[in-house]
Amino acid sequence: IKAANLIMYVFPAVVCLCDGVKFGQLCNGNPTNSRRTSDRWGQGHYGARREHKGLDIKCSDGSAVYAPFDVTLNGRAIPYGDPNKAAIDNGINLRGKGLCFKLFYVSPDRTSGSVRKGQRIGTMLPMQSVYPGITSHVHVQMCDRSNPTRYF
C-alpha cells in the first residue's frame with residue numbers, strides 16, 4: 001500500500017494448524033498418556049541429561065500402539081541403527097494436524113497410508129530385553145526435534 005511518501009507492507013497472519021492439538025491415547029493400558037519419569041536408566045522428559053530430544057510415554061512391552069489423531073504414515077523411523085539394540089530399533093514417521101513426528105520402539109503394522117484416531121498402528125517392542133529395569137515407553141520425537149510436551 002502506498003500513501004503519500006509512506007509505504008506500508010501488509011503480511012497475512014501465520015497460523016499454525018497445530019495450535020491446540022493434543023495427542024490422544026498412544027498405548028493400550030495408558031489412556032492418559034502417563035510419562036516416564038525417573039528410573040535407573042535416566043529420565044524421559046524432553047531435554048533430559050543425555051540430550052533427550054523427545055518425550056517418553058509409558059507403554060508395556062507387547063502393547064498395542066494407537067494413532068493419537070488422524071495421521072498419515074510416512075515410512076519407518078530407525079532410532080539407533082545399532083545391531084546390539086535390534087530388538088527395539090524400529091519406529092514410524094507420522095504426519096497429521098500440522099505436525100510431523102516419530103514414534104520409536106514400535107513395530108508398525110504398516111508404514112504408509114492414512115489411519116484414523118485410535119486405530120492400532122503397531123506393537124510396543126520388547127524394551128526390557130535391551131534395557132532391563134527401564135520404564136518401557138514409546139519415544140515421541142518431533143521431526144524438527146522441538147519439544148513435544150505441549151501436545152500432551
Side-chain angles (χ1 to χ4, degrees), residues 12-82 84-152:
V14 176
V15 177
C16 178
L17 297 175
C18 56
D19 288 342
V21 171
K22 292 292 178 201
F23 273 58
Q25 180 178 358
L26 278 178
C27 187
N28 186 45
N30 185 0
T32 61
N33 287 329
S34 297
R35 301 171 197 172
R36 172 179 168 240
T37 53
S38 185
D39 57 38
R40 66 181 264 207
W41 292 95
Q43 298 179 335
H45 65 274
Y46 181 86
R49 191 177 66 178
R50 63 193 184 286
E51 296 188 32
H52 192 241
K53 297 297 181 194
L55 180 66
D56 296 343
I57 303 298
K58 292 180 187 177
C59 191
S60 298
D61 293 2
S63 293
V65 177
Y66 307 119
F69 37 79
D70 294 353
V71 295
T72 300
L73 309 174
N74 289 312
R76 292 197 187 280
I78 306 299
Y80 300 113
D82 178 347
N84 294 321
K85 297 177 182 173
I88 62 171
D89 201 16
N90 207 349
I92 190 158
N93 291 299
L94 304 104
R95 285 190 182 272
K97 301 271 186 184
L99 299 176
C100 175
F101 61 100
K102 303 170 186 204
L103 300 179
F104 292 153
Y105 317 131
V106 174
S107 176
D109 291 342
R110 59 190 175 119
T111 57
S112 64
S114 296
V115 181
R116 307 283 297 170
K117 177 181 180 177
Q119 268 188 289
R120 179 191 154 107
I121 58 173
T123 304
M124 176 66 197
L125 290 167
M127 186 163 273
Q128 295 302 313
S129 69
V130 176
Y131 296 111
I134 199 168
T135 303
S136 291
H137 60 274
V138 171
H139 175 87
V140 180
Q141 183 171 300
M142 306 310 290
C143 294
D144 66 2
R145 299 181 70 124
S146 64
N147 188 345
T149 305
R150 70 180 175 146
Y151 304 114
F152 285 88

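To the nearest 0.5 angstrom, M142 atom CE is 9.5 Å from N147 atom CG. Once rounded to the nearest 0.5 Å, the distance linking OH of Y105 with CD1 of I92 reads 16.0 Å. Taken to the nearest 0.5 Å, the CE atom of M124 stands 6.5 Å off from the NE2 atom of H137. Of the inter-residue distances, the one linking R49 atom CZ with Q43 atom CD reads 8.0 Å to the nearest 0.5 angstrom.
Legend: residues meeting salt bridge (Lys or Arg N to Asp or Glu O under 4.0 Å) with D82, ordered by chain and number and at least two apart, are absent. H52 pairs by the ring pair (Phe, Tyr, Trp, His ring centres under 6.0 Å) definition with H139, not counting sequence neighbours. Under the side chain to side chain donor-acceptor pair (under 3.5 Å) criterion, Y46 pairs with no residue at all, not counting sequence neighbours. Partners of Q119 according to the side chain to side chain donor-acceptor pair (under 3.5 Å) rule, which considers only residues two or more places apart in sequence or in another chain, do not exist here. With sequence neighbours excluded, the residues forming a side-chain contact (heavy atoms from CB on, under 4.5 Å) with D89 are I78, P79, Y80, listed by chain and number. With sequence neighbours left out, R36 forms a salt bridge (Lys or Arg N to Asp or Glu O under 4.0 Å) with D39, D56. Legend: residues meeting side chain to side chain donor-acceptor pair (under 3.5 Å) with S60, ordered by chain and number and at least two apart, are absent. When the side chain to side chain donor-acceptor pair (under 3.5 Å) test is applied to N90, the partners found at least two apart in sequence or on another chain are R76.
Note on residues 19-64: pairs passing disulfide (SG to SG under 2.5 Å), not counting sequence neighbours, are C27-C59. For the disulfide (SG to SG under 2.5 Å) condition, the pairs that include at least one residue of residues 92-152, sequence neighbours left out, are C100-C143. Residue pairs meeting the side chain to side chain donor-acceptor pair (under 3.5 Å) criterion with at least one partner in residues 106-115, sequence neighbours excluded, are D109-R120.
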Output side-chain donor-acceptor pairs under 3.5 Å for residues 68-75, partner residues at least two apart or in another chain, one line each.
from, atom 1, to, atom 2, distance (Å)
D70, OD1, K117, N, 2.9
D70, OD2, R116, NH1, 3.1

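The nearest pair of heavy atoms linking N93 to K102 is OD1-CG, 3.1 Å. Contact record, G122 with V106: CA-CG1, 4.1 Å, taken as the closest heavy-atom pair. The two residues Q128 and S136 make their nearest non-hydrogen contact at NE2-OG, 2.9 Å. Nearest heavy-atom pair, T135 versus K58, reported as atom, atom and distance to 0.1 Å: CG2-CG, 3.8 Å. Here the closest non-hydrogen pair linking L125 and A87 is CB-O, 3.6 Å.
Between L99 and F23, the closest side-chain pair of non-hydrogen atoms falls below 4.5 Å. Between Y131 and K85 the shortest side-chain heavy-atom distance falls below 4.5 Å. Annotation: side chain of S34 is not in contact with side chain of F152 (no heavy-atom distance under 4.5 Å).
For the side chain to side chain contact (heavy atoms under 4.5 Å, CB included) with V65, the qualifying choice from T123, N28, L103, I57 is L103, the only one to do so.
Panel note: side chain Q141, backbone L55; no donor-acceptor pair is recorded below 3.5 Å. Using a distance-only test at 3.5 Å, with no hydrogens or angles considered, a donor-acceptor pair links the side chain of N33 to the main chain of G24.
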